[in-house]
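Heads up: the structure comes next, in structure tokens.
Sequence lines set the chain letters: A, B, ... in the order given, protein chains first and strands last, and positions in each chain run from 1. Worth saying up front: this structure is predicted, and the values here are computed from it rather than measured.
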Amino acid sequence: MPLQFHNTLTRSVEPFAPLDPGGKTVKIYTCGPTVYNHAHIGNFRAYIFEDLLQRHLEYRGFHVERVMNLTDVDDKTIRGALEKGVPLAEFTQPFKDSFFEDLRALRIKPADSFPCATDPVHIARMIDMIGKLIAAGHAYEAEDKSVYFRIASFPSYGQLAHLNLDELRPSGRVSSDEYEKENIGDFALWKAHDEHDGHVAWDSPWGRGRPGWHIECSAMATALLGDRIDIHCGGVDNIFPHHEAEIAQTECCTGLKFVNLWMHCAHLMVDGRKMAKSAGNFHTLRDLLAKGWSGREVRYVLIAAHYRLPLNFTFEGLAGARSALQRLDEWGRRLSDLASTSASGTPHPAIEEDAFGRALDDDLNISAALGALFDLVRDTNRAMDAGELSPDQARGLLDYWGRINTILALEPESETIPGDITALVGERTAARAARDWGRSDMLRDELLARGWIVKDTKDGAKLTRSVD
RNA sequence: GGCGGGGUAGCCAAGUGGUAAGGCCGGGCUCUGCAAAAGCCCUAUGCGUCGGUUCGAUUCCGACCCUCGCCUCCA
């Protein structure tokens with residue numbers, strides 16, 4: 001099966017081929033967070049889907065160039081800064097910092113660049129693009145000194161969302177701008193400064209103001225990746241109007257097809273409803289970490305369901321992830337013990353077949369991929385139980401597990417066992433050899449009190465870190 | 001109202017025109033000084049409902065029910 005992905009534009013799964021004539025480089029732009037708050041795990045579902053996409057493309061030998069923007073100026077960031085009485089940049093910085101911390105905790109590969117909307121270089125580019133759009137008749141300055149994109153000038157507006165604009169139902173969220181616009185669907189490229197914006201404003205040919213949200217992505221994507229990009233990702237809620245607007249602005253500026261492949265992930269749900277800051281039903285990563293869950297466990301939950309399906313977040317699901325990971329950890333540990341006497345790996349049929357990688361080729365079918373992985377776990381555990389797996393085969397499988405983890409990134413934290421713990425285990429082993437069960441049990445309790453669980457396997461004592 | 005996802009065992013979930021992967025939970029067994037852990041085994045005659053096509057449908061077609069999302073803040 002060829003590598004293929006679902007394209008939101010055509011609503012079908014299509015074979016993937018990069019724009020790069022060399023067939024090597026893949027350019028990806030992904031919409032990042034608005035830094036007015038800590039991102040919640042629903043946001044991170046999107047970033048983990050994008051991480052899976054990038055890692056699988058790399059597994060298939062592509063070189064991925066990826067940009068993720070940070071929206072650090074909009075209504076909410078401005079409101080937050082005003083309420084706190086601090087400059088905008090000072091308000092957003094802690095949320096930027098926590099975002100990067102969370103990416104690390106979730107083992108999400110950093111993008112090659114994380115441009116910020118307020119970067120003067122990008123503001124200048126946005127102003128430049130808006131000027132071009134006005135000159136070409138695609139945008140106009142309204143009476144309130146804001147600039148709007150004229151959707152009537154771009155006939156294919158609505159193609160991505162498959163919306164017929166004549167049939168749009170008024171949403172009820174009508175703002176006062178409506179009276180300034182030629183068409184209710186026209187969207188702001190430049191928002192004239194008003195009293196709610198405080199000191200947040202930049203000079204422009206149309207007076208002081210700030211950029212609209214959509215133009216930010218068009219400017220930064222083309223600045224950093226060029227006029228045409230391979231893949232643009234985001235949550236389904238970005239399809240309309242955000243990505244629709246990006247297409248219109250960018251293509252009207254460049255005259256080129258902006259994005260070859262649009263990929264969108266479904267929402268993370270909680271209690272059967274979309275997880276959203278506005279709904280107040282969200283969990284942040286730091287909340288979950290504080291409850292004793294690990295970033296790795298949260299990553300498993302978020303990565304294990306197909307990206308185009310809504311995923312209902314539950315603590316039962318997190319507990320299930322913990323158990324599943326322990327099974328994988330134990331498998332890796334067994335393979336590792338067996339492989340310790342082997343210098344080089346031997347091919348195993350399952351590695352050649354690579355059912356895991358082939359499942360991901362089909363629009364990132366992670367469920368089938370994990371199914372294949374757990375099949376391999378069971379089959380090789382059975383072989384190890386029967387003493388039918390050689391150390392060289394174990395080494396080969398361990399290498400394969402390592403390759404799979406260049407995609408999944410679910411390997412256990414490397415744990416260094418402190419010397420005093422090792423000493424206690426040694427004492428206990430001696431006590432057991434002397435059949436001094438009382439002392440053995442006392443030492444086991446002592447180890448547990450220090451956070452380590454001892455398991456007496458037929459190969460001797462094994463230690464694992466206890467979890468809360 | 002328009003558009004788009006979903007409805008498969010207690011929970012999550014893959015998949016196929018020929019009779020249902022995998023994970024969690026649960027049960028059994030093995031190992032074991034005890035305990036814990038781990039490994040193995042078992043667990044859906046049925047895939048929202050009702051029709052239709054077919055030798056045969058969970059998979060194709062039609063209708064309907066339920067549910068979630070988008071329709072200019074939103075990953």
Side-chain angles (χ1 to χ4, degrees), chain A residues 8 11 30-34 36 39-50 74-76 151 158 161-175 177-178 184-188 213-214 233-242 244-245 264-269 272-279 300-301 304-306 308-312 314 316-331 333-334 355 359 365-375 377-378 381-382 384-386 432 435-437 440-441 444 448 453-458 462 464:
Chain A
T8 306
R11 300 281 155 84
T30 54
C31 290
T34 300
Y36 72 101
H40 59 66
I41 58 170
N43 301 118
F44 284 110
R45 184 198 189 183
Y47 310 139
I48 281 185
F49 140 64
E50 291 151 4
D74 80 317
D75 291 350
K76 283 171 289 208
I151 60 169
H162 295 221
L163 287 179
N164 180 342
L165 299 174
D166 300 331
E167 293 172 357
L168 288 189
R169 167 188 270 202
S171 71
R173 302 185 205 138
V174 176
S175 81
D177 322 319
E178 183 194 346
I184 191 167
D186 290 352
F187 54 87
W213 175 40
H214 313 305
C233 306
V236 289
D237 50 0
N238 278 161
I239 295 172
F240 194 89
H242 185 53
E244 198 72 60
H264 294 93
C265 71
H267 286 298
L268 186 66
M269 318 288 287
R273 307 211 74 86
K274 171 181 166 182
M275 182 179 291
K277 291 175 188 170
S278 56
Y300 186 96
V301 164
H306 185 82
R308 284 194 286 118
L309 263 30
L311 168 60
N312 196 30
T314 62
E316 290 74 16
L318 262 178
R322 176 169 289 180
S323 299
L325 284 167
Q326 280 168 359
R327 179 166 165 80
L328 292 172
D329 290 351
E330 195 58 33
W331 179 62
R333 179 205 288 268
R334 282 187 85 181
N365 189 341
I366 188 71
S367 301
L370 290 174
L373 174 60
F374 281 104
D375 279 340
V377 169
R378 189 197 53 241
N381 271 333
R382 201 153 36 193
M384 283 189 276
D385 284 349
R432 284 167 51 75
R435 304 187 73 80
D436 183 351
W437 309 128
S440 167
D441 292 350
R444 180 165 63 203
L448 183 60
I453 295 168
V454 197
K455 298 187 293 180
D456 297 316
T457 73
K458 56 179 173 291
K462 295 288 165 71
T464 43

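- When the side-chain nitrogen and oxygen atoms of A/Asn365 are compared with OP1 and OP2 of B/A14, none of them lie within a distance under 4.0 Å.
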Given the rule in the side chain to side chain donor-acceptor pair (under 3.5 Å) test, do A/Thr8 and A/His264 qualify, once you have shown the distances and angles that lead to the verdict? CA-CA 7 Å; A/Thr8 306; A/His264 294 93; 2.7 Å; yes

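- Considering only side-chain N and O atoms, A/Arg273 lies under 4.0 angstrom from the phosphate OP1 or OP2 of B/G69.
- Between B/C34, B/C24, B/A21, one nucleotide has an atom nearer to the side chain of A/Arg444 than all others, and that is B/C34.
- Nearest to the side chain of A/Arg378, among B/G22, B/C25, B/U72, sits B/G22.
- When atom types are taken as modelled, the side chain of A/Arg334 and the backbone of A/Asp329 share no donor-acceptor pair closer than 3.5 angstrom.
- The CD-P distance, from A/Gln326 to B/G23, rounds to 15 Å in whole Å.
- Looking at heavy-atom distances under 4.0 Å, A/His40 makes contact with a base.
- For the pair A/Trp437 and B/G33, the ring geometry qualifies as stacking, because the centroid separation is below 5.5 Å while the planes lie within an angle under 30°.
- Between the side chain of A/Arg432 and the base of B/G33, at least one donor-acceptor pair of N or O atoms lies under 3.5 Å.
- In this structure, CG of A/Leu163 is placed 10 Å from C1' of B/G4, rounded to the nearest angstrom.
- The listed nucleotides are B/C24, B/C73, B/A21; the one nearest the side chain of A/Ala324 is B/C24.
- The distance between atom CG of A/Asp329 and atom P of B/A37, rounded to the nearest whole Å, is 16 Å.
- As judged by a 4.0 angstrom heavy-atom cut-off over every strand, A/Gly371 is placed among the base-contacting residues.
- Pairing of B/U49, defined by two Watson-Crick or G-U wobble distances under 3.5 Å, is identified with B/A63.
- Closest approach to the A/Pro310 side chain among B/G33, B/U72, B/G5 is made by B/G5 (side chain taken as heavy atoms from C-beta onward).
- Between A/Phe187 atom CZ and B/C73 atom P there is a gap of 13 Å when expressed in whole angstrom units.
- In this structure, the NZ atom of A/Lys274 is 14 Å from the C1' atom of B/G5, given to the nearest Å.
- Between the C1' atom of B/G22 and the CG atom of A/Leu328 lies a distance of 11 Å, rounded to the nearest Å.
- Applying the Watson-Crick and G-U wobble criteria (two distances, each under 3.5 Å), B/U30 pairs with B/A38.
- With a 6.0 Å radius and a threshold of 12 heavy atoms from other residues, nucleotides or ligands, A/Arg435 has its CZ atom at or below the threshold.
- In this structure, B/G69 and B/C3 make a Watson-Crick or G-U wobble pair, each of the two defining distances being under 3.5 angstrom.
- Comparing B/G69, B/A21, B/C24 by their closest approach to the side chain of A/Arg327 singles out B/C24.
- Going from atom CD1 of A/Ile366 over to atom P of B/A21 covers 20 Å, rounded to whole Å.
- If you check every strand for non-hydrogen atoms under 4.0 Å, A/Ser440 touches a base.
- Comparing A/Ile41 and A/Ala368 along RNA chain B, the residue whose closest nucleotide (by nearest heavy atom) sits nearer the 5' end is A/Ala368.
- To the nearest angstrom, P of B/C3 lies 15 Å from CZ of A/Phe240.
- The A/Asn381 side chain lies nearest to B/C40 when the options are B/A13, B/C40, B/A38.
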